[in-house]
Amino acid sequence: MVDPKETINIENVVASTGIGQELDLQSVAMDLEGADYDPEQFPGLVYRTQEPKSAALIFRSGKIVCTGAKSTDDVHESLRIVFDKLRDLNIQVDEDPEIVVQNIVTSADLGRNLNLNAIAIGLGLENIEYEPEQFPGLVYRLDDPDVVALLFGSGKLVITGGKQPEDAEEAVDRIVSRLEELGLLDG
Amino acid sequence: RLRKWQERIRTKDAGERNLQFALSEIDRMASALGVPRSVREVASVIYRRALNEDLIRGRSIEGVATSCLYAACRQEGIPRSLEEVSDVSRVDQKEIGRTYRYVAQELSLKMEPVDPKQYVPRFASDLNLSEEVQSKANEIIDETAEKGLLSGKSPTGYAAAAIYAASLLCNEKKTQREVADVAQVTEVTIRNRYQEQIEAIGVR
DNA sequence: GCTTTAAAAAGTAACAT
DNA sequence: ATGTTACTTTACAAAGC
């Protein structure tokens with residue numbers, strides 16, 4: 001039917017950056033609308049952006065983690081908003097802070113059902129974990145792109161751990177060819 | 001000299017005591033679960049291997065011991081669910097599951113997915129169901145699994161639904177609640193698995 | 001190791017209706 | 001009996017316990 005690569009959809013992008021300045025989270029929490037800060041529970045201050053939708057974790061060191069965005073462009077847009085909000089509070093923020101993508105979560109569809117039992121036994125000696133009593137997905141750790149895939153009986157999958165969108169495409173190709181050469185694609 | 005000597009004896013004694021504790025725990029839990037002595041021996045062997053491979057560092061002896069017993073039951077073809085095992089352990093289910101996956105991975109235990117049929121004799125016996133019902137349940141499991149219905153489903157819920165369906169087909173009806181209780185799954189799970197299994201084999 | 005954030009997959013569970 | 005919400009798994013950064 002369709003090339004599984006065409007079904008790939010980015011669901012979440014995690015990135016880190018920093019404003020190059022230490023922060024007094026207590027005062028930021030006071031002035032920033034919608035900020036959640038509970039140092040007893042977690043050292044970071046949580047700030048959510050609406051458009052693009054994301055959550056930023058702001059730390060005392062000035063380092064920031066952005067998660068929830070649907071693309072790397074959205075990560076940049078969300079962080080631009082966060083930077084400007086901090087500047088509105090008279091906080092010095094570096095000109096163009098380096099933003100590093102740490103993880104990209106994608107979903108895809110192989111287009112046919114999978115016999116996870118057969119795959120677990122067939123690829124049993126590889127980096128596979130399938131414990132349906134604990135989780136319905138089969139965990140497949142790849143070496144070449146260094147990502148982890150969760151395969152489901154429906155043929156849908158989740159790929160996480162990648163740093164570039166291409167990692168997911170490569171992973172899907174490798175998974176499909178691996179299952180094909182072992183005759184495990186539907187059976 | 002003497003101090004070093006005593007220290008060695010101390011650690012050796014401590015290690016020996018820990019091993020004894022682990023083995024006695026395996027024995028206690030195995031008895032509580034009603035599994036044969038052969039399973040305890042397999043569990044002990046796995047535990048000693050884990051000990052030799054230094055897998056216990058950073059983990060509780062109880063957790064590793066329980067995980068070894070869980071793995072041993074599966075290897076011997078008489079699985080106990082994580083919930084059943086956690087019922088006789090002081091370690092919680094989540095920790096047992098995590099430790100089991102870690103130990104199985106590190107020791108390269110070639111664990112195959114649990115076959116739901118392996119739960120049929122015990123569950124059916126607990127429900128006082130006939131041999132006929134058991135055969136029917138096994139038949140349902142094989143037939144529906146072959147059609148791909150098993151992927152991703154928990155073995156206990158799958159077995160429970162097949163037993164429930166078989167009890168109806170053989171006129172030895174048990175309620176969903178009764179079957180759910182022995183399998184330790186919810187009625188909702190039995191209902192869902194039962195519906196798709198029946199649909200797959202066709203009502204008769 | 002834990003804590004928090006986000007998101008998907010599919011199964012199971014708890015609690016409400 | 002059905003519906004809603006929530007938790008299971010994967011990856012990752014941050015600071016601190």
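A, B, ... follow the sequence lines: proteins, then strands. Residue 1 opens every chain. Below, all heavy atoms of this structure are taken into account, side chains as well, without hydrogens, waters or symmetry copies.
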Item to complete: Take the protein atom OH of A:Tyr37 and the nucleotide atom C1' of C:dT5, then report the distance between them rounded to whole Å.
Response: 16 Å

Discussion item. Of the options C:dA9, C:dT4, D:dC12, whose atoms approach the side-chain atoms of A:Lys163 most closely?
Written reply: D:dC12

Fill in: Selection from C:dG11, D:dA15, C:dA7 that lies nearest to any side-chain heavy atom of B:Lys153
C:dG11

Item to complete: When you get a sec, tell me which of C:dA7, D:dA14, C:dA10 is the closest nucleotide to the side chain of A:Ser154?
Response: C:dA10

Worksheet, complete the sentence: Out of D:dT2, D:dA1, C:dT4, minimum distance to the side chain of B:Val188 belongs to D:dT2

Worksheet item: For the side chain of A:Lys53, counting heavy atoms from C-beta on, which of C:dA7, D:dT10, C:dA6 is nearest?
Response: C:dA7

Practice prompt. Starting from P on D:dG16, measure out to CZ on A:Phe42 and report it in whole angstrom.
Written response: 11 Å

Worksheet entry | Touch class at under 4.0 angstrom, heavy-atom based, for A:Gly44 against every strand present | nothing

Worksheet item: OP1, OP2 of C:dA6 versus side-chain N and O of A:Lys70: anything below 4.0 Å?
Response: no

Discussion item. I need the minimum non-hydrogen distance between A:Phe152 and A:Leu114, along with the two atoms involved.
Written reply: O-CD2, 3.4 Å

Fill in: Rounded distance in Å - CD (A:Glu131) to C1' (D:dT9)
12 Å

Worksheet item: Hey, does the side chain of A:Glu6 reach the backbone of A:Asp3 with a donor-acceptor pair shorter than 3.5 angstrom?
Response: no

Practice prompt. Could you state the atom-to-atom distance from CZ of B:Arg191 to P of D:dG3 in whole Å?
Written response: 12 Å

Practice prompt. Rounded to whole angstrom, note down the C1' distance from D:dG3 over to C:dA8.
Written response: 22 Å

Worksheet item: Is the shortest side-chain N/O distance from B:Arg101 to OP1 or OP2 of D:dT9 below 4.0 Å?
Response: yes

Fill in: Nearest-nucleotide 5' precedence on DNA chain D, A:Val14 against A:Pro43
A:Val14

Worksheet item: According to the Watson-Crick and G-U wobble definitions, with both distances under 3.5 Å, which nucleotide is paired to C:dC15?
Response: D:dG3

Item to complete: Taking only the side-chain nitrogens and oxygens of B:Thr189, find out if one of them lies under 4.0 Å from OP1 or OP2 of C:dA13.
Response: yes

Worksheet item: So what does A:Val105 touch, heavy atoms closer than 4.0 Å: a base, only the sugar-phosphate, or nothing?
Response: base

Fill in: Nearest-nucleotide pick for A:Val158, side chain only, options being D:dC12, D:dA15, C:dA8
C:dA8

Fill in: Phosphate-side-chain proximity, B:Ser154 and C:dG11, N/O vs OP1/OP2 below 4.0 Å
no

Worksheet item: Which nucleotide in the set D:dA1, C:dA7, C:dA9 lies at the smallest distance from any side-chain heavy atom of A:Glu11?
Response: C:dA7

Discussion item. Can you identify which nucleotide, out of C:dG11, D:dA13, D:dA1, has its nearest atom closest to the A:Val65 side chain?
Written reply: D:dA13

Worksheet item: Under 4.0 angstrom, heavy atoms only, what part of the nucleic acid is A:Ser107 near: base, sugar-phosphate, or nothing?
Response: nothing

Response to the item:
d(A:Cys66 SG, A:Gln102 CD) to nearest 0.5 Å is 11.5 Å

Worksheet item: Atom CZ of A:Phe152 to atom P of C:dG11: distance rounded to whole Å?
Response: 9 Å

Worksheet item: If we call it a pair only when both distances are under 3.5 Å in a Watson-Crick or G-U wobble match, what pairs with C:dA7?
Response: none

Item to complete: Give one of base, sugar-phosphate or nothing for A:Val101, where a contact means two heavy atoms less than 4.0 Å apart.
Response: nothing

Discussion item. With a 4.0 Å cutoff (strictly under), does any side-chain N or O of A:Arg48 reach OP1 or OP2 of C:dA6?
Written reply: yes

Discussion item. Within the 3.5 Å criterion, strictly below it, is a donor on B:Thr186 or B:Thr189 matched to an acceptor on the partner's side chain?
Written reply: yes

Item to complete: Could you give the distance separating C:dC2 and D:dT9 at their P atoms, to the nearest angstrom?
Response: 10 Å

Worksheet entry | A:Glu131 versus B:Tyr100, side-chain donor and acceptor atoms under 3.5 Å | yes

Discussion item. If you compare every side-chain N and O of B:Lys94 against the phosphate oxygens of D:dT8 (OP1, OP2), does one of them come in below 4.0 Å?
Written reply: yes

Fill in: Short side-chain N/O contact from A:Arg60 to OP1 or OP2 of D:dA14, under 4.0 Å
no

Discussion item. Is it the case that D:dA11 (base atoms only) and A:Thr160 (side chain only) share a donor and an acceptor within less than 3.5 Å, ignoring hydrogens and angles?
Written reply: yes

Worksheet item: Over how many whole Å does the gap from A:Tyr130 atom OH to C:dA10 atom C1' extend?
Response: 11 Å

Discussion item. Taking 4.0 Å as the cut-off, does a side-chain nitrogen or oxygen of B:Thr186 come that near to OP1 or OP2 on C:dA13?
Written reply: yes

Discussion item. Just to be sure I understand the rule, does A:Ser61 reach a base, reach only the sugar-phosphate, or reach nothing, if contact means heavy atoms closer than 4.0 Å?
Written reply: sugar-phosphate

Worksheet entry | Pairing nucleotide - D:dC12, Watson-Crick or G-U, each distance under 3.5 Å | none

Item to complete: For A:Ile104 and C:dT5, give me the distance from atom CD1 to atom P, rounded to whole Å.
Response: 23 Å

Worksheet item: Given C:dG1, is OP1 or OP2 found less than 4.0 Å from the side-chain N or O atoms of B:Arg98?
Response: no

Worksheet item: Are a donor atom and an acceptor atom from the side chains of B:Thr99 and B:Glu95 found within less than 3.5 Å of each other?
Response: yes

Worksheet item: Given D:dA1, is OP1 or OP2 found less than 4.0 Å from the side-chain N or O atoms of B:Arg177?
Response: no

Discussion item. How many whole angstroms separate atom CG of A:Leu110 from atom P of C:dA10?
Written reply: 11 Å

Discussion item. Closer than 3.5 angstrom, by distance alone: can the side chain of B:Arg74 be matched with the main-chain N or O of B:Glu112 as a donor-acceptor pair?
Written reply: yes

Worksheet item: Considering residues, nucleotides and ligands other than B:Arg37, do more than 12 of their heavy atoms fall under 6.0 Å from its CZ?
Response: no

